[in-house]
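It should be emphasised that the depicted structure is a prediction, and the values quoted were computed from it without experimental measurement. Just follow the structure's listing: the first ligand is 1, and inside any ligand the first atom is 1.
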Amino acid sequence: MIALRLALSCSSAPPPPAEPAAPSAAEAAGAVARFDTELRALWLEAGEANWAYETNINDATEAVASAADAKVASWMTTTIPEAARFDATPDKDPAVARQLARLKLAQTIPSPKDPAALAELAGLKTELAGLYGKGKYCQGENCRNLEELSRTLATSRDPDALLDAWVGWRTVSPPMRAPYTRMVQLANEGAREIGFSDVGSMWRSGYDMPPDAFTAETDRLWNQVRPLYEQLHCHVRAKLHERYPTQAPATGTIPAHLLGNMWSQSWENVYPLVEPYPHQPDIEVDSVLAKQGWDHLRMVKTGEAFFTSMGIDPMPATFWERSLFVRPTDRDVECHASAWDVGNRDDLRIKMCIQPTMDDLQTIHHELGHLVYDHAYVRQPVLFQDGAHDGFHEAIGDAVALSITPSYLQSLGLLEGVAESQEYVINTQMQVALAKIAFLPFGRMIDQWRWDVFSGATPPDRYNAAWWDLALRYQGIASPVPRTEEHFDAGAKYHIPGNTPYMRYFLAHILQFQFHEAMCREAGHEGPLHTCSVAGSREAGARLSAMMQLGASQPWPDALEAMTGTRTMDAAPLMRYFEPLQAWLTEQNAGRACGWTP
Ligand code: X8Z
Ligand code: ZN
């Protein structure tokens with residue numbers, strides 16, 4: 001090697017052009033500091049604009065939100081190549097290197113650089129969000145919004161009314177098909193310009209592991225929980241068949257409109273139809289919330305009190321001034337619950353159209369979980385102001401809400417009698433499983449659909465067919481009426497027009513049991529996992545806070561280890577939690593032909 005160099009230096013050929021030296025580590029640190037300042041300002045502007053839009057959907061707010069999003073996108077298209085200049089910089093500070101690497105993952109929908117394409121994409125994104133937010137099902141003068149239709153699905157037992165609400169909501173989404181198809185094209189161009197094969201591959205790259213390894217992780221976790229889901233499916237199907245003999249067959253798939261939820265994603269509203277032991281004390285609190293006149297403020301204060309009982313800071317004063325808790329009657333609003341960290345400076349808000357139900361009380365804990373996480377990492381650089389991965393963010397509030405046990409509800413005055421019996425345990429476990437176990441295949445399938453759409457494996461003329469193929473394969477559910485490519489049923493689910501990645505919720509449904517188990521250990525709980533509540537445990541709160549403060553500054557296995565002592569996602573705590581129910585379901589299903597044929 002040395003000889004060769006000498007030989008070259010002695011030759012008479014002109015010297016090759018000098019490679020530009022890689023910029024120094026100090027320059028990299030300087031650039032990252034500048035990116036931090038610029039991104040904070042852009043995200044503040046876009047956050048305010050999108051808040052204004054989603055809490056008041058009209059042409060003017062749409063134009064402002066779209067322009068603000070375009071500004072962020074434009075900054076990304078120039079800054080990501082700037083960051084790439086430091087790829088070869090030796091000896092970068094690890095925190096600087098991690099921020100540089102995270103930059104291109106700090107956007108969900110990447111834009112092409114071309115200004116016309118960039119503006120078009122920003123417009124399509126806001127348009128799609130607006131179509132969903134404004135969505136209504138009208139029969140003549142009588143129009144119903146999503147909450148009203150969802151209430152029918154949750155409470156009616158009239159199959160015709162259920163079908164009407166189910167089909168009715170799906171009339172909002174066919175107009176989304178063309179803009180969605182175009183959005184996929186443009187976003188894929190953007191992804192390719194920054195080195196990803198498509199948007200789905202970019203999304204799968206956000207987990208500190210190669211994208212293919214991530215897909216394998218999601219399959220591994222799904223296979224851990226699938227037997228429990230299949231048992232639940234089998235029992236619920238049998239009970240629905242008893243109630244709706246003509247609509248719900250005893251074998252095969254379950255019709256999607258009979259499960260109490262617009263997307264069949266969680267089934268707690270059919271609890272009365274599947275209640276294992278009807279003569280036990282009541283565990284339903286919706287009627288009590290209504291009777292006691294719980295309003296939105298009391299519900300949010302109750303959620304906040306759970307976190308503060310664990311030693312976690314209360315919400316800032318601005319939270320109470322700026323949040324939207326009730327659907328306004330004078331304008332269109334996107335009512336899907338969300339948590340906002342506007343400008344990453346502790347300006348925390350919830351946007352939610354709260355109803356006095358147990359489901360909404362749970363969701364309030366979910367949203368507050370996002371906000372306490374945001375608050376815990378507010379001192380991190382802006383590119384680390386995020387969950388260890390997005391599933392962590394979705395899991396915090398749910399993990400805490402697993403402590404809303406019957407005894408805790410009794411302490412709130414929402415339950416009168418709490419029994420110690422095994423029958424009562426099975427009833428409560430059934431209620432939790434209808435929410436959490438029913439969700440798992442839904443959580444796994446949504447982004448399978450999107451990954452296939454972005455990669456081109458599912459072309460636009462198969463968008464709807466692919467959606468129902470996956471519902472069949474993962475959930476064992478079928479549409480109650482024939483669906484064609486005139487429909488766009490994916491668009492009737494908020495996260496598709498809203499472009500929120502969904503695998504995070506699947507991961508969160510596994511992780512929350514890992515977090516719960518870790519917090520219960522910290523709180524000194526003894527006995528079965530399902531009997532634990534960490535309400536009032538400062539030790540559990542401290543462990544949770546230590547993990548949350550890290551934000552995204554470390555690879556997620558480090559954060560998971562800090563919280564639970566293990567470095568892998570694992571459904572074993574979930575399976576332990578549901579041990580009593582699983583044994584009971586196995587007995588009930590003996591002699592039934594479980595499963596369905598894809
Ligand atoms: O979208 C949400 C939250 C906001 S991040 C309300 N969730 C998913 C859904 O509603 O589909 C929570 C559970 C799954
Ligand atoms: Zn969430």
Asker: Using the ring of Trp169 (Phe, Tyr or Trp, six-membered ring only), decide whether Lys136 places NZ or CZ under 6.0 Å from its centre and within 45 degrees of its axis.
Answerer: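 Output no; distance or angle outside limits.
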Asker: How about Phe454 and Trp203: are their ring centroids closer than 6.0 Å?
Answerer: yes
Asker: Judged by non-hydrogen atoms, does Ala337 sit under 4.0 Å from ligand 1?
Answerer: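 So Ala337 counts as touching ligand 1.
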Asker: Any N or O on Ser338 sitting closer than 3.5 Å to an N or O of ligand 1?
Answerer: no
Asker: May I ask you to check whether His509 has an N/O atom sitting below 3.5 Å from an N/O atom of ligand 1?
Answerer: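 His509 vs ligand 1: no N/O contact under 3.5 Å.
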Asker: Taking the six-membered ring for Trp, are Phe442 and Tyr502 ring centroids under 6.0 Å apart?
Answerer: yes
Asker: Do the numbers put Arg349 on top of the ring of Trp51, so that NZ or CZ is under 6.0 Å from the six-membered ring centre and no more than 45° off the axis?
Answerer: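 Yes, cation above the ring, under 6.0 Å and within 45°.
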Asker: Please identify each residue that fulfils salt bridge (Lys or Arg N to Asp or Glu O under 4.0 Å) with Asp69, with sequence neighbours left out.
Answerer: none
Asker: Nearest protein heavy atom to atom 6 (C) of ligand 1, by residue and atom, and its distance?
Answerer: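 The protein heavy atom lying closest is Glu367 OE2, 3.2 Å.
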Asker: State whether the shortest distance between N or O atoms of His495 and N or O atoms of ligand 1 falls below 3.5 angstrom.
Answerer: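 So ligand 1 has an N or O lying under 3.5 Å from an N or O of His495.
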Asker: If the contact criterion is a heavy-atom separation under 4.0 Å, does Tyr502 count as touching ligand 1?
Answerer: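 So Tyr502 counts as touching ligand 1.
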Asker: Take the angle between the ring planes of His516 and Tyr577 and call it parallel below 30°, perpendicular above 60°, tilted in between.
Answerer: perpendicular
Asker: Rounded to the nearest 10 degrees, what's the angle NE2 of His370 makes with OE1 of Glu394 at the Zn ion (ligand 2)? Could you check?
Answerer: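 Here the angle at the metal atom is close to 100°, to 10°.
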Asker: Tell me: protein heavy atom nearest atom 7 (N) of ligand 1, and distance?
Answerer: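 I find the closest protein heavy atom is Tyr505 CE2, 3.5 Å.
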Asker: Which ligand 1 atoms are under 4.0 Å away from a heavy-atom of Lys493?
Answerer: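 So the answer, numbered in order with elements, is 9 (C), 10 (O), 11 (O).
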Asker: Of all the atoms in ligand 1, which lie at a distance below 4.0 Å from a heavy atom belonging to His370?
Answerer: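 Here the atoms of ligand 1 in question are 5 (S).
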Asker: Going through the checks in order, is the salt bridge (charged side-chain N to carboxylate O under 4.0 Å, His left out) test met by Asp452 and Arg450?
Answerer: CA-CA 5 Å; Asp452 293 344; Arg450 254 188 309 211; over 6 Å; no
Asker: Apply salt bridge (charged side-chain N to carboxylate O under 4.0 Å, His left out) to residues Arg204 and Asp447 and explain how you reach the verdict.
Answerer: CA-CA 10 Å; Arg204 294 190 298 278; Asp447 277 354; over 6 Å; no
Asker: Taking only heavy atoms of Glu394 into account, list the atoms of ligand 1 that are under 4.0 Å away from them.
Answerer: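 Reading through ligand 1 atom by atom, the close ones are 5 (S).
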Asker: I need the atoms of ligand 1 closer than 4.0 Å to a non-hydrogen atom of His366, numbered in the order shown.
Answerer: 3 (C), 4 (C), 5 (S), 12 (C)
Asker: Is the NZ or CZ atom of Arg220 positioned over Trp222's six-membered ring, under 6.0 angstrom from the centre and within 45° of the axis?
Answerer: no
Asker: Which of the atoms in ligand 1, numbered in the order shown and given with their element, are less than 4.0 Å from a heavy-atom of Gln265?
Answerer: 9 (C), 10 (O), 11 (O)
Asker: Among all the protein's non-hydrogen atoms, which is closest to atom 10 (O) of ligand 1, and how far away is it?
Answerer: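 Among all protein heavy atoms, the one nearest atom 10 (O) of ligand 1 is His336 CE1, 3.3 Å.
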